[in-house]
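So the structure is just underneath, and the comments pick up after that.
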There are 2 protein chains.
Amino acid sequence: MTDRLTPRARQIATAARELLEESGPTALTLRALADRLGIKAPSLYKHFPDKQAVEVELIAQMLEESAAALESAEQRAPGSLPALAEAYRTYALAHPHLYCLSTERPLPRPALPAGLEDRAAMPLMRACDGDLDLARSVWAFAHGMVILEIHGRFPDDADLNAAWKRGLKSLHP
Amino acid sequence: MTDRLTPRARQIATAARELLEESGPTALTLRALADRLGIKAPSLYKHFPDKQAVEVELIAQMLEESAAALESAEQRAPGSLPALAEAYRTYALAHPHLYCLSTERPLPRPALPAGLEDRAAMPLMRACDGDLDLARSVWAFAHGMVILEIHGRFPDDADLNAAWKRGLKSLHP
DNA sequence: CTTGACGGCTAACGTCGTTAGCCATACTGT
DNA sequence: ACAGTATGGCTAACGACGTTAGCCGTCAAG
């Protein structure tokens, strides 16, 4: 898996992820993180240069896992856009806080493992037969659906399955 | 316009908006806001109960203005989805920080002027002839395109006009 | 003339990310 | 066997943040 981190740093990242997923981004505090590990906040700086660096690690995890989810969906149903969409939605809704963290700010590209961003994008590219404009449209649609759902922007009684189906049916070639 | 605020509160909201639009959400600080007004931070609490309340006012402004932008587009080109999309995109990109502030958290619905959220949604509903699923798909697509563009998630050389066209062409009935 | 609303102020608290500097343990090289 | 050096903890502290408590001047209305 990830050997870009020292073992202790990996433990810290794990605790950070639990904190984030359990209680949201505002709860992801260096002091709270240190508490969970039984140490004091300044000790964290022996393992990460700053808070952003641990966030970057979580973002890398998210990219990696969602890439894996998409690749797995691709393998089960090659070329199927709805299968990819389903996998994307399922992963995002299973980790809403992580998804937001990774998504609601500019990507820290230089700090990310090389090629990871591309890898996450490839399954969709393949399903779109290299049609870049279509791939970007579908990505925007999927991200929009997910993020609006996570933030509760749709009416409570909205049939989101129907909206997904409607969008995908129209977008697919 | 907005008479939901005392005059002084309106001045404060104006300064807050300038701060936000000029320098982004992290710069929107009660101390910085007070500075710009020539007063001290605690004095702000004579006009707003807390920081969230001034953010809510900015969100209300954004909803109102984007509703107006959509209504105006609707009037110029009744029933045209691309015209609405163009207006949406243009407004959002003209106020990226405000758009993010309004969009990247759950809506503070109870604190918002009644009916405002609906008003902002109506032009799209009308252009979709009451097809709820379609309207939600288009909304998700448009929001996704805008927010991904604002956060620089697309490749630098991506032809976003083409992606917009592609998505709208597919989604439109 | 008094009263009270209005709108400023200072001082302070607790929390946040972060820095500086100290110290114990444990591995390494001679 | 001993010195040296990572490694990984610690405390104390700083500055910025949102926020609270409590004080004070100005001014219009009774």
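Chain identifiers are assigned alphabetically (A, B, ...) following the order of the sequence lines, protein sequences preceding nucleic acid strands; residue numbering begins at 1 within each chain. Both backbone and side-chain heavy atoms feed into the values below; hydrogens, waters and symmetry mates do not.
- The ring pair (Phe, Tyr, Trp, His ring centres under 6.0 Å) test applied to B/Y45 returns no partner, not counting sequence neighbours.
- Separating the CZ atom of A/R10 from the P atom of D/dG8 is a distance of 12 Å, rounded to the nearest angstrom.
- With sequence neighbours excluded, no residue forms a ring pair (Phe, Tyr, Trp, His ring centres under 6.0 Å) with A/F48.
- Rounded to whole Å, the distance from NE2 on B/H47 to C1' on C/dC9 is 12 Å.
- The shortest non-hydrogen separation linking B/C128 to B/A135 is SG-CA, 3.6 Å.
- Of the candidates D/dT19, C/dC9, C/dG17, the closest approach to any side-chain atom of A/Y45 belongs to C/dG17.
- Put simply, CZ on B/F48 is 13 Å from P on D/dT19, counting in whole angstrom units.
- In this structure, the CG atom of B/L28 is 15 Å from the C1' atom of D/dA16, given to the nearest Å.
- Partners of B/Y91 under the side chain to side chain donor-acceptor pair (under 3.5 Å) rule, at least two apart in sequence or in another chain, are B/E65.
- In this entry the distance linking NZ of B/K51 with P of D/dT19 reads 8 Å, nearest Å.
- Applying a 4.0 Å cut-off to non-hydrogen atoms, none of the residues of residues 11-26 of chain B approaches DNA chain C.
- Looking at residues two or more places apart in sequence or on another chain, you find a salt bridge (charged side-chain N to carboxylate O under 4.0 Å, His left out) between B/R89 and B/E149.
- Counting any heavy atom pair closer than 4.0 Å across all strands shown, A/S43 reaches a base atom.
- Not counting sequence neighbours, the partners of B/R8 by the side chain to side chain donor-acceptor pair (under 3.5 Å) test are B/Q11.
- Taking atom NZ of residue A/K40 and atom C1' of nucleotide C/dC22, one finds them 16 Å apart after rounding to whole Å.
- By the salt bridge (charged side-chain N to carboxylate O under 4.0 Å, His left out) test, A/D131 pairs with B/R166, sequence neighbours left out.
- Here the shortest heavy-atom pairing between B/A16 and B/L33 reads N-CD1, 3.4 Å.
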Under 4.0 Å protein heavy-atom contacts per nucleotide of nucleotides 22-28 of chain D, with B for base, S for backbone only and - for none: -------
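- Residues forming a ring pair (Phe, Tyr, Trp, His ring centres under 6.0 Å) with A/H47 (at least two apart in sequence, or on another chain): none.
- Sequence neighbours left out, the pairs with a member in residues 66-76 of chain A that pass side-chain hydrogen bond (donor to acceptor under 3.5 Å, both in side chains) are A/E71-A/R119, A/S72-A/R76, A/E74-A/R126.
- In terms of the salt bridge (charged side-chain N to carboxylate O under 4.0 Å, His left out) criterion, B/E86 has no residue partners (sequence neighbours excluded).
- Going from atom CZ of B/R8 over to atom C1' of C/dG8 covers 9 Å, rounded to whole Å.
- Contacts of residues 30-39 of chain B with DNA chain D (heavy atom under 4.0 Å): B/L30, B/R31.
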